[in-house]
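The next block holds one structure in the form of structure tokens; read it before the comments.
Heads up: numbering here begins at 1 and tracks the sequence. Ligands are counted one by one from 1 in listed order, and the atoms in each one are counted from 1 as well.
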Amino acid sequence: MFKTQIGFLYYPEFLNKEEADELYQHTLELQWQQNQIRMLGKTMPVPRLECIYGDEGCDYLYSKSVLLKPLPWTDALAKLRDRITATAGYNFRIVIGNEYRSGQDSIGWHNDSEASMGLNPAIASISLGSVRKFQIKPIGGKPTDFWLEHGSLLVMLPGCQSTHLHQIPKTNKVVSTRINLTFRPHVGGKR
Ligand SMILES: O=C(O)CCC(=O)C(=O)O
């Protein structure tokens with residue numbers, strides 16, 4: 001594990017190869033959806049597939065237009081959540097999945113500051129499948145590139161979301177599927 005100056009922890013081999021391969025197979029069977037987002041007065045498809053699992057009632061609205069309603073935790077996702085909590089020390093109530101089907105799937109510059117997560121959330125992100133470039137930059141500053149490996153865990157520490165933006169840019173290189181799972185806190189829902 002290493003800690004960056006930017007305010008996150010990176011565990012390159014959080015899952016060993018066998019565990020990561022098994023989890024990747026599990027995630028392919030999750031309920032992926034093609035959601036629509038409203039931006040600049042237009043409705044368009046989100047450039048990736050998404051899914052959400054978590055505690056009952058922990059609905060998640062982002063970009064004021066995409067409402068995600070969690071399905072109950074699968075055993076594998078709940079086990080992974082507990083393992084991340086045991087390592088990183090933060091509690092999580094939902095996991096949002098992103099499936100990047102090719103290099104043309106992406107997520108643009110943003111921070112994760114939705115009020116439903118409470119103030120200064122810690123967000124834990126597992127990467128599976130193809131390696132994609134993850135960029136992070138201070139607001140108004142220059143990006144730093146990281147390569148998120150199969151089976152890795154990235155923990156964005158509390159405070160990071162108010163000072164930094166991050167993205168997975170599109171790439172013209174041929175890349176196969178990458179799955180990302182972001183474990184997040186939530187202040188609502190049923191306890
Ligand atoms: O795919 C990733 O590593 C980043 C996902 C992300 O930024 C998000 O879900 O908000």
Side-chain angles (χ1 to χ4, degrees), residues 4 6-12 14-15 20 23-24 27-28 30 32-35 37 39 45-54 58-70 77 80-81 84 88 90 92-118 120-139 143-171 173 175-186:
T4 70
I6 292 165
F8 64 70
L9 309 176
Y10 184 62
Y11 302 76
F14 180 71
L15 302 173
L23 182 63
Y24 179 78
T27 61
L28 292 178
L30 297 176
W32 297 99
Q33 301 167 192
Q34 175 63 74
N35 292 316
I37 189 167
M39 278 170 84
V46 171
R48 57 192 180 278
L49 300 180
E50 295 172 304
C51 67
I52 181 168
Y53 289 77
C58 289
D59 294 357
Y60 190 87
L61 178 72
Y62 76 87
S63 297
K64 297 188 187 136
S65 61
V66 185
L67 178 64
L68 305 174
K69 287 182 164 287
L77 292 176
L80 181 62
R81 172 199 64 201
I84 297 170
Y90 298 101
F92 305 103
R93 299 192 59 217
I94 53 171
V95 56
I96 298 178
N98 292 303
E99 180 176 336
Y100 303 88
R101 295 156 292 185
S102 73
Q104 293 311 297
D105 276 358
S106 61
I107 188 164
W109 287 114
H110 69 288
N111 55 12
D112 295 310
S113 52
E114 284 70 23
S116 58
M117 288 191 287
N120 294 325
I123 297 175
S125 162
I126 295 277
S127 292
L128 300 164
S130 272
V131 177
R132 290 285 296 265
K133 179 158 72 178
F134 173 85
Q135 296 185 297
I136 187 157
K137 65 175 181 185
I139 294 168
T144 306
D145 299 347
F146 294 92
W147 299 90
L148 301 181
E149 294 146 293
H150 182 54
S152 67
L153 166 66
L154 173 77
V155 182
M156 292 189 267
L157 295 169
C160 194
Q161 303 300 330
S162 34
T163 54
H164 287 75
L165 303 175
H166 57 276
Q167 72 162 354
I168 300 281
K170 291 188 196 304
T171 173
K173 291 193 185 126
V175 283
S176 51
T177 304
R178 169 175 181 262
I179 303 276
N180 165 256
L181 301 171
T182 55
F183 290 80
R184 301 164 188 246
H186 198 289

Inset, instruction - Could you tell me whether the side chains of Ser125 and Asn180 share a donor-acceptor contact shorter than 3.5 Å? - result: yes
Inset, instruction - Take the angle between the ring planes of Phe134 and Phe146 and call it parallel below 30°, perpendicular above 60°, tilted in between. - result: tilted
Legend entry - N or O contact, Asp112 vs ligand 1, cut-off under 3.5 Å: yes
Inset, instruction - Look at atom 1 (O) of ligand 1 and say which protein heavy atom is nearest, naming residue and atom and giving the distance to 0.1 Å. - result: Tyr100 OH, 2.6 Å
Legend entry - Residue portion contacting ligand 1 (non-hydrogen atoms closer than 4.0 Å) for His166: side chain
Legend entry - atom 3 (O) of ligand 1 [closest protein heavy-atom partner, distance rounded to 0.1 Å]: Arg178 NH2, 2.8 Å
Inset, instruction - Could you see which bit of His110 sits under 4.0 Å from ligand 1, with heavy atoms only: side chain, backbone, both or neither? - result: side chain
Inset, instruction - Return the orientation label for the Tyr62 and Tyr60 ring planes: parallel under 30°, perpendicular over 60°, tilted otherwise. - result: tilted
Inset, instruction - Report the part of Arg184 in contact with ligand 1, treating N, CA, C, O as backbone and CB onward as side chain, heavy atoms under 4.0 Å; options are side chain, backbone, both, neither. - result: side chain
Inset, instruction - To the nearest 0.5 angstrom, please state how far the CG atom of Leu30 sits from the CG atom of Leu49. - result: 11.5 Å
Legend entry - His166 and its side chain to side chain donor-acceptor pair (under 3.5 Å) partner, picked from Gln135, His110, Lys137: His110
